[in-house]
Protein chains: 2
Amino acid sequence: MVNGNLGIKDIAKLAAVSIGTVDRVLNNRSGVAPATREKVLDIIKQTGYKKNLVASRLKLAKNKVIKVAVLAPTPRNEHSYWNLPLQGVNRAIQELSAMGVSSAYFYFNQLNHQHFREQIDKIFQEEFHALITVPFFESESNMLLRKAKEKNIPVVFLDTERELLYSSNFIRQNALNAGLVAGRLLHGLVGDEGTYVVVNILNDRGKQINNLQRESGFRSYFKHLPNKTHIKHFTINHPLEDDFDLSPELKTLAKGPTKFGIFVTNSRSFLLPSIIKENNISNYHLIGFDLNKKNIAYLKSGEIDFLINQKPQYQGYTAIKGLYKFLTEGDNSQLNIDIPVEIVVKENVEYYCAR
Amino acid sequence: MVNGNLGIKDIAKLAAVSIGTVDRVLNNRSGVAPATREKVLDIIKQTGYKKNLVASRLKLAKNKVIKVAVLAPTPRNEHSYWNLPLQGVNRAIQELSAMGVSSAYFYFNQLNHQHFREQIDKIFQEEFHALITVPFFESESNMLLRKAKEKNIPVVFLDTERELLYSSNFIRQNALNAGLVAGRLLHGLVGDEGTYVVVNILNDRGKQINNLQRESGFRSYFKHLPNKTHIKHFTINHPLEDDFDLSPELKTLAKGPTKFGIFVTNSRSFLLPSIIKENNISNYHLIGFDLNKKNIAYLKSGEIDFLINQKPQYQGYTAIKGLYKFLTEGDNSQLNIDIPVEIVVKENVEYYCAR
DNA sequence: TTAAATATCGTGTACGTTAACGAATATACC
DNA sequence: GGTATATTCGTTAACGTACACGATATTTAA
């Protein structure tokens with residue numbers, strides 16, 4: 001055996017049984033006398049035997065393929081955010097294809113609850129061993145979880161959009177924490193005497209829980225500062241379709257000498273620079289989320305100061321890897337991951353947009 | 001075959017030869033007629049056959065164990081920096097132990113060239129398949145590279161301390177880029193009207209190339225600013241053992257209202273806060289490198305603003321993974337890695353110090 | 001032309017684990 | 001006690017690749 005480790009054969013010899021019996025004990029199948037089982041388990045404990053996952057998977061690959069279903073919103077275009085986790089999923093699937101892991105993709109219309117349900121039904125008709133999806137619709141997601149629990153299928157949710165009834169596995173960034181980080185970064189640039197604006201740019205489905213939590217984290221940072229006297233806070237909730245305009249009060253402030261600190265709670269910070277110019281604001285700092293093309297361009301031109309990365313590709317990648325570990329080793333420690341709040345500036349953006 | 005992929009057996013059938021012949025072609029061994037070889041290669045190209053590394057390793061595990069030698073400075077204590085890459089190495093080795101990868105550790109005295117040589121000799125006496133080390137001593141590192149090239153053993157260097165004669169593989173952070181990032185972060189906090197101090201805290205072996213490059217990157221950031229008029233720059237080269245003191249000019253400035261921006265080019269930024277207090281400087285910002293205990297404590301207390309992480313554990317981890325990929329697949333793309341310049345603040349430090 | 005040498009290629013076994021199959025023993029029932 | 005049924009356990013053939021060995025076919029030398 002490699003590394004001086006023992007194999008199932010050695011265990012069998014030590015326990016004076018056949019490899020078949022050892023295998024039955026290891027995979028706790030029936031057909032072993034209690035005394036024999038004890039004896040084998042003893043040897044296993046004593047020797048610290050660990051099964052060779054490579055050999056195990058080699059044998060199982062043909063019979064027990066691991067099929068993972070991935071259910072994501074239909075991407076609007078090739079630059080859509082939801083393509084990114086799928087890229088990570090693909091990379092992980094490629095790495096594990098030799099181990100018999102495969103995936104199937106399902107898409108749902110972002111505005112259509114019914115369509116989501118249909119896709120769920122489709123998935124549960126086929127035989128999958130795990131499911132990766134996004135908590136878009138609250139009641140539907142809970143329904144999904146209930147069904148999955150019945151069938152004993154592990155579910156991993158990427159990102160945070162909803163709070164869910166049933167406890168489940170999440171791979172996501174702590175939105176409150178991200179808000180705190182944004183608070184620190186923006187306060188460092190703007191200082192105590194500035195005007196702070198939180199911009200929630202709402203999408204079709206209204207304000208989401210992570211927008212709320214990011215804002216709350218941001219505000220909480222300022223609450224805990226020693227001298228918070230001169231800080232003015234505004235919140236703009238801006239539906240995506242509407243024309244974007246500053247409030248009269250902000251317009252007045254914009255004419256003064258005040259420094260602006262603008263925090264966009266989602267990936268649409270690229271909408272701000274043009275509006276800022278229209279209002280003749282020059283002394284401002286801007287922070288947003290996600291490394292999409294437009295955001296990166298503004299980051300490079302200096303019109304966005306910081307971006308916070310949620311590592312969407314990594315989310316998909318680590319979801320597959322975590323599920324594999326769970327399904328083969330029973331180790332669920334990689335199914336709940338707090339994605340680091342990654343700070344991106346012009347000078348280090350290259351490292352992060354590559355993948 | 002898994003995933004509809006073909007196996008060596010299918011290739012053999014398609015090419016109307018035996019699997020032995022296909023194997024000879026794949027591992028380009030001798031004993032195949034040119035025409036047959038062509039035929040098989042054709043089929044391989046057409047089908048896009050990729051060998052199953054799992055099965056391959058399973059077979060090879062007993063015969064061809066991959067042994068990696070790791071040569072690092074003797075850690076001064078359990079919190080020593082050089083323990084961190086070794087932790088990453090260990091993690092990777094554990095993951096790959098089933099694939100027959102093992103490691104052996106060698107340590108050298110940081111001040112003793114001769115000792116380094118002795119360890120190198122020891123390593124080359126045994127049969128290793130790869131070597132991971134640190135470019136501490138220039139001439140000795142080059143000697144090592146020469147020997148390794150003779151024996152055809154891949155070498156990976158972690159971190160940058162020296163420029164080396166022979167080209168080799170490096171897993172390290174771009175020090176110039178890190179300096180640029182530090183420049184942006186500090187300038188954001190201090191602004192155009194500040195006094196900037198670069199502090200090089202030298203260790204036993206004098207100033208190292210990454211200290212120089214970090215400083216040069218930092219300065220270069222300010223050179224490219226539109227309005228660079230009021231920025232004052234100082235550099236303090238401080239041998240670790242000496243008492244640390246500010247220059248007369250800096251002491252005078254310290255009495256005035258100027259904002260200080262202090263950039264420590266290595267992991268010893270934790271030495272600064274006490275000195276700053278002694279000189280009654282209150283209006284300052286401080287940035288340094290590495291997530292050691294003392295730095296983290298000051299980051300949490302607010303006396304350090306930013307830390308730049310070099311991900312030492314990841315360096316060790318990715319070195320092993322990269323070597324494995326090279327030795328098994330011949331893919332050397334993971335042997336030269338530019339470690340991201342990771343920005344750490346109080347609010348996201350938890351994500352990074354866990355591992 | 002024939003034996004020897006070489007080139008080319010197929011066969012078979014092994015890696016460690018799994019699981020079907022069947023053999024051996026133990027238990028139940030009439 | 002004898003047959004039927006359960007329980008327990010050993011044997012063996014895969015999974016896909018690697019490589020030693022031996023079997024042909026081809027070339028070389030005499």
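Labels below follow one simple rule: chain letters A, B, ... track the order of the sequence lines, proteins then strands, and each chain is numbered from 1.
The aromatic rings of A/Phe170 and A/Phe157 sit parallel to each other, their planes meeting at less than 30°, with 60° as the upper class boundary.
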Query raised in the report: Given the rule that a pair is Watson-Crick or G-U wobble with both distances under 3.5 Å, how would you write DNA chain C in dot-bracket, using | for pairs to a different strand?
Result: ||||||||||||||||||||||||||||||
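One atom, CZ of A/Arg57, and another, C1' of C/dC15, lie 18 Å apart when rounded to the nearest Å. Note: CG (B/Leu6) to P (D/dT17) measures 10 Å, nearest angstrom. Protein atom CD1 of A/Ile8 is 14 Å distant from nucleotide atom P of C/dC15, rounded to whole Å. D/dG16 atom C1' lies 13 Å from atom CE of B/Met99, rounded to whole Å. Across the protein-nucleic acid pair, A/Ile11 atom CD1 and C/dT18 atom C1' stand 16 Å apart, rounded to whole Å. Following rounding to the nearest Å, A/Leu58 (CG) and D/dA13 (P) show an atom-to-atom distance of 18 Å. In this structure, the NZ atom of B/Lys13 is 13 Å from the P atom of D/dT17, given to the nearest Å.
Note on A/Tyr49: a side-chain N or O is less than 4.0 Å away from OP1 or OP2 of C/dT17. When the side-chain nitrogen and oxygen atoms of B/Arg29 are compared with OP1 and OP2 of D/dC19, one or more of them lie within a distance under 4.0 Å. Residue B/Asn27 places at least one side-chain N or O closer than 4.0 Å to OP1 or OP2 of D/dA18. OP1 or OP2 of C/dC15 has not a single side-chain nitrogen or oxygen of A/Lys59 nearer than 4.0 Å.
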Report task. Kindly indicate, with the supporting measurements, whether the criterion salt bridge (charged side-chain N to carboxylate O under 4.0 Å, His left out) is fulfilled by B/Lys51 and B/Glu329. Result -> CA-CA 9 Å; B/Lys51 80 169 158 187; B/Glu329 300 180 60; over 6 Å; no
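For the residue pair B/Asn309 / B/Tyr351, no side-chain donor-acceptor distance below 3.5 Å is found, with atom types taken as modelled.
B/Phe106 is linked by a ring-ring contact (aromatic ring centres under 6.0 Å, His included) to B/Phe128, counting only residues two or more places apart in sequence or in another chain. Contacts of B/Tyr324 classified as ring-ring contact (aromatic ring centres under 6.0 Å, His included), with partners at least two apart in sequence or in another chain: none.
Side-chain atoms of A/Arg57 come within 3.5 Å of backbone N or O of A/Met99 as a donor-acceptor pair. A donor-acceptor contact shorter than 3.5 Å is absent between the side chain of B/Asn336 and the backbone of B/Asn169.
Under 4.0 Å is where a charged nitrogen must lie from a carboxylate oxygen, and between A/Asp23 and A/Arg29 at least one such pair does.
Near DNA chain D, defined here as any heavy-atom distance below 4.0 Å, the residues from residues 17-24 of chain A are A/Val17, A/Ser18, A/Ile19, A/Gly20, A/Thr21, A/Arg24, listed numerically. A heavy-atom distance below 4.0 Å to DNA chain C is reached by none of the residues of residues 36-48 of chain A.
Here the shortest heavy-atom pairing between A/Ala130 and A/Ile153 reads CA-CG2, 3.7 Å. The minimum heavy-atom distance between A/Val32 and A/Arg24, with the atom names listed, is CG2-CB, 3.5 Å.
With A/Tyr49 as the partner, the side-chain contact (heavy atoms from CB on, under 4.5 Å) test is satisfied by one option alone out of A/Ile43, A/Leu14, A/Asp10, A/Ile11: A/Ile11.
Listed by first and then second residue, the side-chain hydrogen bond (donor to acceptor under 3.5 Å, both in side chains) pairs involving residues 117-129 of chain B are B/Arg117-B/Glu140, B/Asp121-B/Lys147 (not counting sequence neighbours).
Each of A/Leu26 and A/Lys9 lies near DNA chain C, and the nucleotide nearest A/Lys9 is the one positioned closer to the 5' end.
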